[in-house]
Amino acid sequence: MAEQQNPEVSANSPKVRRLDTADELVSVEDQKVGRLTQWRAATKERNAQQGQKKAVHTPEIDRRLSQLRQQRKRKKAKRWAVALGAFLVATVLFVGIVFYSPLLAIRTITVQGAHLLSEDYVQQQLSDLDGVPLTRVSEQDVQNRLGENSILRGVTIESHPPHELVVRLQERVPVAVVEQDKKFYLVDSDGVQLGTVDSVEDAGVPLIGGGLDATHKDSFGPITQVLASLPSSLISEVSETKADSSSTITLKMKDGSTVMWGTSSESELKAKVLISLREALSENGGVDTYDVSSPLHPTTK
């Protein structure tokens with residue numbers, strides 16, 4: 001059996017030094033944990049001891065801390081009170097300037113879109129708005145002052161600070177005139193009467209035969225649809241429209257010719273066909289009757 005040999009250690013190695021009498025030797029066999037674990041345990045114990053020391057307060061310290069907390073609460077409440085007061089003051093000033101101050105008072109009222117209604121009439125009805133702040137005037141206020149007027153569909157307003165109020169009238173548009181008891185009544189597409197004129201020529205729109213009763217017939221809607229689809233160059237040549245039913249609409253032209261229109265469907269195409277026919281046949285003196293009820297197969301007589 002080979003003889004056990006002890007390891008040799010060089011005395012000159014930097015990892016080896018002589019023991020001093022003050023060195024404390026620890027038996028490797030008795031050491032159950034590593035040095036890192038011992039260090040962590042010692043650190044934890046020191047922190048716990050320091051925490052216990054910090055947690056110890058005398059009554060005087062507790063009282064002083066309580067006073068400091070109360071002071072902080074009072075300062076915070078004071079800041080909130082000051083901020084709230086400033087906000088309320090700013091709100092009151094804003095409301096006063098915007099809604100009651102003469103800085104935004106109405107001095108000029110501009111009326112736009114007045115054709116059937118007189119602009120002077122509108123100005124007169126709105127005269128009591130002079131001096132009222134712009135922010136206190138609504139469209140309903142203007143509508144109420146103009147009253148229940150059949151000519152108006154509605155109004156819109158626009159504020160131009162500091163002193164101008166723009167009022168835009170949305171008037172109904174006359175599409176025809178009807179004759180009743182030697183009076184000529186302008187009517188819109190809904191059959192609403194918009195006033196009277198002295199003659200068809202003064203109306204500037206075609207005459208619908210049948211008097212005021214024509215506005216209540218089923219054919220009135222299709223007739224106005226046809227008139228609304230005509231270009232201005234063509235509608236100015238129409239003197240009268242008639243219809244026994246919604247499918248037999250007829251136009252009487254100022255040159256004496258008649259246009260068999262049929263129904264109100266394909267009115268835009270029918271208008272283009274009619275214009276082409278009138279231009280093409282004008283050199284030959286025109287014709288008496290144009291039938292565009294079937295616009296893809298028009299006929300003339």
Would you indicate whether the side-chain heavy atoms of [Y] and [X] approach each other to under 4.5 Å?
| X | Y | answer |
| --- | --- | --- |
| I235 | V205 | no |
| Q170 | V155 | no |
| K272 | V292 | no |
| Y290 | L251 | no |
| I275 | P231 | yes |
| H160 | L165 | no |
| L230 | P206 | no |
| E237 | D255 | no |

Please give me the minimum heavy-atom distance between [X] and [Y], naming the atom from each residue.
| X | Y | answer |
| --- | --- | --- |
| S246 | S219 | N-CB, 4.0 Å |
| D188 | F220 | O-CZ, 3.6 Å |
| P295 | V273 | O-CG2, 3.6 Å |

With a 3.5 Å distance limit and no angle check, can you tell me whether [X] reaches the backbone of [Y] through a side-chain donor-acceptor pair?
| X | Y | answer |
| --- | --- | --- |
| S239 | K252 | yes |
| D190 | V192 | no |
| K270 | S265 | yes |
| K254 | S236 | yes |
| Q123 | I109 | yes |
| E171 | H115 | yes |

From CA spacing to verdict: side-chain contact (heavy atoms from CB on, under 4.5 Å), V142, L126: CA-CA 7 Å; V142 174; L126 302 180; 3.9 Å; yes
Trace of the side-chain contact (heavy atoms from CB on, under 4.5 Å) decision for V226 with T241: CA-CA 10 Å; V226 171; T241 60; over 6 Å; no
Stepwise side-chain contact (heavy atoms from CB on, under 4.5 Å) test for D198 and F184: CA-CA 6 Å; D198 294 332; F184 297 92; over 6 Å; no
[X] with [Y], same ILVMFWY side-chain cluster at under 4.5 Å:
| X | Y | answer |
| --- | --- | --- |
| V287 | L277 | yes |
| V200 | V259 | no |
| L194 | V122 | yes |

Rounded to the nearest 0.5 Å, how far apart are [atom1] of [X] and [atom2] of [Y]?
| X | Y | atom1 | atom2 | result |
| --- | --- | --- | --- | --- |
| R107 | L134 | CZ | CG | 10.0 Å |
| R172 | L117 | CZ | CG | 12.0 Å |
| K183 | L212 | NZ | CG | 10.5 Å |
| Q225 | T263 | CD | OG1 | 10.0 Å |
| E139 | I157 | CD | CD1 | 5.5 Å |
| E240 | T258 | CD | OG1 | 10.0 Å |

Working for side chain to side chain donor-acceptor pair (under 3.5 Å), residues E164 and T110: CA-CA 7 Å; E164 183 183 11; T110 301; 2.7 Å; yes
Classify the side-chain pair [X]/[Y] by whether it contains a donor and acceptor separated by less than 3.5 Å.
| X | Y | answer |
| --- | --- | --- |
| N144 | Q140 | yes |
| T248 | S245 | yes |
| Q112 | R168 | yes |

